[in-house]
Amino acid sequence: MVTSYLVILSAIVFLPVLGAILVMCVPKEREETARYITLGAASGVLVLSLVAFLGPGLGGPFDYQNEAAAYMQYVFNVSWIPSFSIDYFMGVDGISFPLILLTALVSLLAAGASWSVTKYVKAYCVLFLLLETGMLGVFLALDFFLFYVFWEVMLLPMYFLIGVWGGARREYAAIKFFLYTLVGSVLMLIAILMLYFAGNLADPALQPHLARCHLNDQVRAKVAAALDRIEAGEAQVGDVQVHTFNILALQQIGQHTTQFSPRLQWWAFLLLLVGFIIKVPSVPLHTWLPDAHVEAPTPISMILAGVLLKMGGYGIIRICYPICPHGGYDLAYFVCLLGVVSMVYGAFAALAQKDFKRLVAYSSVSHMGYVVLGLGVWSATAGTAFNPDYWNMGVKGAMFQMIAHGISSSGMFFLVGVVYDRVHHRELNQFGGLFGKMPVYTALSIGIFFAGLGLPGLCGFIGEVLVVLSVWNYSYVLAVISASVMILTAGYILWAVQRVYLGAEYNGPHAEALTPSTLRENSIAGVLFVLAILFGVFPQTFLLRYMDKTIDRQVGELARWTQQVKEVEAMGNTPVESRSGGPGIVGAGDTDARSAHEVVSQATEAKSL
């Protein structure tokens, strides 16, 4: 099965690369052929993902009911650069699964929206497909080095897609995007190296926790050899180093050993957090986003809002908190404050905009603030008897908000692009009366904008409510402020709808170009609107059930870590590894620590796992 998983996931990630190669073989003048190859490659990724993860064949349907649903599925791990323990390591769980499908869907719809691109079509299609591969790779990679490679693969295609096919200030927007993202990448790389050189798989106390980390045979052999030397007395624990980029193993090191000191975790968490919130983006590192959105062509704005922003939230939930829990615990209120400030600032900035697309861009800053807030609500503390329920609710709300925002924001940017392609301006004060000229377009627009507003029955409502409810048990002040942002959101969405669609008449240029939307345009918007309804009415059936067990496990583990390690430190005791391999306590008068022989004996038994 491992071989079949390797083929399935590799096909999902690299099918766009194959499409890009085919596009490069197409003569320059055959632009329609290049477009259809791009559309076919994007369609193939979505179909393959649906068949692989939801169909009975290939890897079998994604398990969301049994114990396995809480852990990685479809996993394979093949050694790539063995001298540095770098692996070609991928897998899917309840966190990455919905994001992979979102990426495949938004990429397909953006490919359909790319018929509006008429300049250098062949080059555009190649870069578009390479960008899709980078996005899919980020959500599937479980090796930190591989994750970083895919993260960087996205940078250059997006830079050129904005810088060549963008608007009047495209060079400025592209360079700003590049510099911000590059700074975040450098900080992330520093944190990766810190964790890599501090981590050591050859720790006897760690072995019971590595059973589900899917180490490959070469790494297992290195660890076994190191443990044999320790057991034979030829070396002490720590003398033999087996470093790793395995994200799952780094999570266990961060939570179950003292290899990552609290100080190291604090700094690594901060560096990673900055790198990820640049992508989210959160205030004050958000300023690249409005410029990039405004200048990017419509399909690229769809991908930027629908997928790229979600990578920041994914990095926080997958990497920051599980690997660096000390930093996450200490900076919890700071993370929540970043989320709330972004929500408020983004909403007020959207209210002040006169450019239709810039308004939608600032709405993304506000909506993604809910994601940061939900992830940061570390309410499983002594004050709540270490009850993880509210934090669990916040994380699920954040994940739901990422998917919902991916649907509504990509739809809003597409709908802005539809009217821009006709009249070539985005001035809100010059619009009006589009309902009479473009009735189907207006109906779809109002539905998708109301999904962004958070209207009950549509996708935007569920995530926002879950996040606000989770915050109430953490901070009344933050909860009240975050709930109040919904009023501001309704204000700028309704005002935009009134000015653009329901005004008396259109006052801008090219009024004769305001013709009814085409079948292609209605199909793209219609798919997003239907999904907004389905996610809003049936959130459990279509989304929450797939992520429940994974998030339950991760939040539960961090809540237990808080009780057994962080709160113990607050009482002046020192957490150590207990007999069961989990965090224990050595306080005054407690001499029940394990001998080296006992630890090595347990580790030797655990090697068979």
Side-chain angles (χ1 to χ4, degrees), residues 70 94-95 98 273 276-277 280 282 310 312-318 320-322 325 328-344 346-347 366-405 454 456 459-489 535-536 539-540 543-563 566-567:
I95 295 172
L273 180 68
F276 290 133
I277 65 172
V280 169
S282 294
K310 312 306 174 286
Y314 174 78
I316 295 172
I317 189 174
R318 169 73 75 212
C320 286
Y321 283 99
Y329 181 91
D330 293 344
L331 296 171
Y333 197 88
F334 173 71
V335 174
C336 292
L337 192 62
L338 280 177
V340 172
V341 170
S342 298
M343 291 160 59
V344 175
S366 182
H367 283 123
M368 289 301 291
Y370 284 97
V371 174
V372 177
L373 176 60
L375 296 177
V377 182
W378 196 313
S379 56
T381 60
T384 61
F386 306 100
N387 185 346
D389 291 346
Y390 284 95
W391 189 18
N392 190 317
M393 184 188 300
V395 175
K396 289 178 181 176
M399 273 295 301
F400 197 101
Q401 177 71 357
M402 283 198 282
I403 305 301
H405 181 259
C459 61
F461 176 74
I462 305 297
E464 293 179 4
V465 167
L466 288 177
V467 170
V468 172
L469 289 176
S470 71
V471 179
W472 183 257
N473 201 45
Y474 183 76
S475 169
Y476 294 150
V477 174
L478 296 181
V480 170
I481 295 173
S482 60
S484 302
V485 172
M486 295 183 181
I487 301 174
L488 299 175
T489 304
F535 287 154
Q540 183 67 29
L543 190 53
L544 287 174
R545 66 176 179 174
Y546 295 107
M547 64 176 72
D548 274 346
K549 289 191 177 296
T550 301
I551 294 176
D552 289 345
R553 176 192 58 79
Q554 178 165 306
V555 173
E557 289 176 351
L558 290 173
R560 287 191 294 274
W561 175 90
T562 308
Q563 182 177 8
K566 202 64 182 179
E567 294 296 334

- Any idea which heavy atoms bring Ser366 and Val485 closest together, and the distance? OG-CG1, 3.8 Å
- Taking C-beta and beyond as the side chain, do Met368 and Gln401 meet within less than 4.5 Å on heavy atoms? no
- List the atom of Leu466, the atom of Lys396, and the distance in Å for their closest heavy-atom pair. CD1-C, 4.5 Å
- Query: Less than 4.5 Å apart, any side-chain heavy atom of Val280 and any of Val371?
  - Reply: no
- Query: Which value, rounded to the nearest 0.5 Å, describes the distance between Asp548 atom CG and Gln540 atom CD?
  - Reply: 5.0 Å
- Applying side chain to side chain donor-acceptor pair (under 3.5 Å), name anything that partners Arg560, two or more places apart in sequence or on another chain. none
- Check the pair Leu373 / Val471 against side-chain contact (heavy atoms from CB on, under 4.5 Å), numbers first and verdict last. CA-CA 8 Å; Leu373 176 60; Val471 179; 3.6 Å; yes
- Please state whether the rings of Trp378 and Trp391 are parallel, tilted or perpendicular, taking 30° and 60° as the class boundaries. parallel
- Task: Step by step, work out the side-chain contact (heavy atoms from CB on, under 4.5 Å) result for Tyr314 and Phe276.
- Result: CA-CA 9 Å; Tyr314 174 78; Phe276 290 133; over 6 Å; no
- Query: Side chains of Phe400 and Leu544: does their closest heavy-atom pair fall under 4.5 Å?
  - Reply: yes
- Query: Between the side chain of Thr384 and the main-chain N/O of Thr381, is any donor-acceptor distance below 3.5 Å?
  - Reply: yes
- Item | Rounded distance (nearest 0.5 Å) linking atom CD1 of Ile551 with atom OH of Tyr546 | 14.5 Å
- Query: Would Met343 and Ser482 satisfy side-chain contact (heavy atoms from CB on, under 4.5 Å), going step by step from the backbone distance to the final call?
  - Reply: CA-CA 7 Å; Met343 291 160 59; Ser482 60; 3.3 Å; yes
- Item | Spacing of Tyr370 atom OH and Met486 atom CE [to the nearest 0.5 Å] | 4.5 Å
- Query: Is any side-chain heavy atom of Val395 closer than 4.5 Å to a side-chain heavy atom of Tyr321?
  - Reply: no
- Query: At what distance, to the nearest 0.5 angstrom, does CD1 of Ile317 lie from CE of Met399?
  - Reply: 6.0 Å
- Item | Separation between CG of Asp389 and OG of Ser470, rounded to the nearest 0.5 Å | 11.5 Å
- Closest contact, heavy atoms only, Pro539 versus Gly536: CD-O, 3.9 Å
- Message: Walk me through whether Trp472 and Leu478 qualify under side-chain contact (heavy atoms from CB on, under 4.5 Å).
- Response: CA-CA 8 Å; Trp472 183 257; Leu478 296 181; over 6 Å; no
- Task: Measure across Gly454 and Glu464 and return the closest heavy-atom pair with its distance rounded to 0.1 Å.
- Result: CA-OE1, 4.2 Å
- Message: Tell me the closest heavy-atom pair linking Met547 and Pro98, and the distance in Å.
- Response: CE-CG, 4.4 Å
- Message: Could you measure the distance from the CG atom of Leu558 to the CG atom of Asn392? Nearest 0.5 Å is fine.
- Response: 11.0 Å
- For Val377 and Cys336, the nearest pair of non-hydrogen atoms, with its separation, is N-SG, 3.7 Å
